[in-house]
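Quick note on labels: first sequence line is chain A, next is B, and so on, each numbered from 1. Computed over heavy atoms, backbone and side chain alike; hydrogens, waters and symmetry mates excluded.
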Amino acid sequence: MIQLKNINKVYEDGFQALKGIDLTFEEGKINVLIGPSGCGKTTTMKLLNRLIDYTEGELTIDGKRIKDINPIDLRRQMGYVIQSIGLFPHMTIYDNVAAVPKLLKWDKERIATKVDELLKMVDLDPEVYKSRYPNELSGGQQQRIGVIRALAAEPKIILMDEPFSALDPISREQLQDELVKLQEDIQKTIIFVTHDMDEAIKIADQIILMRDGQVVQKGTPHDLLTSPANEFVEEFIGAERLEQAKGLPPMTAFVDEDFPYATITQSVDDVISLMVTHKKDQLPVVDAEEKYIGIASLYDAVRSTDKPLTELVNRKIIAYRRTAEVEKFVASKDTIAPIIEPDDTYIGVLDQELLLEKLHEKFGSKSGVTS
Amino acid sequence: MDFIIDLGRYMADHSAELIDLTIEHILMVIYAIFLALVVGIPLGILAAKFKKLAPVILSLVNILQLIPSIAMLAILLLYFGLGFQTVVIGLFLYSLLPIVRNTYVGVREVADGVTEAGKGIGMTPFQLLMKVEFPLSIPFLMAGLRVAAVIAVAVATIAPYIGGGGLGREIISGISFQNDIRIYAGAVPAAALAIIADLILGIVEKRTKKRFAS
């Protein structure tokens, strides 16, 4: 865990870049530092690998004071991706990706395996790309190499300084998607600096919005969109985006926790009677640990009362995370939307009446029809 | 036309001697350039790395270049006496400027992003220099080497005044005997040497640019 306590940074010329920053970067999450230029977001990030040192306060990584860690060792333990890509132009792709493992004196075989693995991870064929030079690759490919170079030594923490801002819009979107996908597997603590709100909303688990060396607001993208702390936040997020967000709260706003559900060990008869008493034709089914399994429908249950419940459950009906967008359900053809925690623990189902009401509010008001 | 035929005949008749002089000429230049690389690269790097040293080092090598070549060799003569090594030292001092300056520029020109990446992934300042900054400055260094070589080939022709050899001996004899054929017999190969050095090092420079270009 990375903790910043009352961090101040004053430059020799008296300019105070950071003013009393209190922050915790969440472990295994994408933490996005965002704000207008000169707000101190990059400075904050560079404190973490000691490219910049703070003048006051306390910065600890897993409880250890950062000033007690040798900066060279510190940097080798952290991935670093920079805006201008920063690949070494005179080294092959292989040597670029292998740069940190080589500094750490890994043996050759281990490095070779790792480089291949990483190249495959970003869909670049090792046999084709290993021996190429950076200038023989497209911008998007180069930054993919930049990202995997940061991953090569298996760091727990990765710093990314506006890594995608120099790319064309299409490559940028692709790399953002890939990063989110990648993060599901690697679960690193990522500190990501950007000035692009769309990017932040897309990839962040936690957004830290800064201005003039201070943290203005921090929270999930949803927090910022639904309850901006002040006018500056609203302005920075943009009226349009806020308006959109208002129309579409995530799943969590529609959870019906009282909706009845069945446990996989129950008999089919019990499940049928449960449906009858509650006048439902579908019920979510959970296992002994309250994890979501699938949906049991009354129609199937009545047809085969002799079968165990496990065989009746329709496992194809997907569940949504709390933070998922409601549109995803609206766009699907399912008639029920179970909602789960990230660890699959069942929470409830989407309250469709409430959803209808909200949709009506939104589109009704837009078309001028009052209800 | 007759003159060219005469020159050709003279050079053919004295080919063995001229070849010896050419080899001597080349050797003086190679020794001098080698010395200039050994001394100039570290000086260039020092200048690039320490902002306060840069003006001192750069103006010093600049001044060396400004001393007229014949005066420089005469001054060196006072300290080192007549002979081959005095010439080499003179040529070395002349070659310093392009090499120091180009190494300096080359190291300074390495893109900020690249040096930041090197630092950011945990290279020590020395590793950064050896693995990133110096290799990336090689195309600049090669350009400096090319200039230095051409200058050295030209300046080496006055070597005989201080007891050196090389093609200058033929030129100076020609002047003493008022024999224009002998002047040309020294000057033409010397010019050819300069052109060849320029061409070959030009190709090398292009290759390194291709290899190290960002």
Sidechain N-carboxylate O distance under 4.0 Å for Glu154(A), Lys114(A):
yes
Do Asp123(A) and Arg144(A) meet the salt-bridge criterion of a basic N to acidic O distance under 4.0 Å?
no
Is Leu137(A) close to Tyr129(A) at the side-chain level, that is, under 4.5 Å between some pair of heavy atoms?
yes
Would you say the rings of Phe88(A) and Tyr133(A) are close, in the sense that their centroids are separated by under 6.0 Å?
no
Positions in residues 91-101 of chain A that reach chain B, provided some heavy atom is under 4.5 Å away
Met91(A), Ala99(A), Val100(A)
Enumerate by number any residue of residues 53-77 of chain A whose heavy atoms lie under 4.5 Å from heavy atoms of chain B; in the absence of such residues, state 'none'.
Ile72(A), Arg75(A), Arg76(A)
Polar contact flag, side-chain donor to acceptor under 3.5 angstrom, Tyr11(A)-Gln16(A):
no
Can a side-chain donor-acceptor contact be found between Asp168(A) and Ser171(A) if the only test is distance below 3.5 angstrom?
yes
Heavy-atom pair with the smallest gap, counting every atom of Ile82(A) and Gln143(A):
O-NE2, 3.2 Å
Using every non-hydrogen atom in the two residues, find where Leu96(B) and Ala36(B) come nearest and quote the distance to one decimal.
CD2-O, 4.0 Å
Show me the side-chain donor-acceptor pairs of residues 51-78 of chain B shorter than 3.5 Å, one per line, residues at least two apart or across chains.
from	atom 1	to	atom 2	distance (Å)
Ser59(B)	OG	Pro55(B)	O	2.2
Asn62(B)	ND2	Leu58(B)	O	3.3

Most heavy-atom pairs under 4.5 angstrom with chain A, which of Gly120(B), Gly113(B), Pro135(B), Gly118(B)?
Gly120(B)
Let me know which of Arg101(B), Glu109(B), Arg108(B), Glu205(B) forms a side chain to side chain contact (heavy atoms under 4.5 Å, CB included) with Phe140(B).
Glu109(B)
Taking only residues two or more places apart in sequence, or in another chain, which ones meet Thr189(A) in a side chain to side chain donor-acceptor pair (under 3.5 Å)?
none
Please look at Arg50(A) and chain B and tell me whether the side chain, the backbone, both or neither of the residue comes under 4.5 angstrom of a heavy atom of that chain.
neither
Contacting moiety of Leu159(A), where chain B heavy atoms sit under 4.5 Å
neither
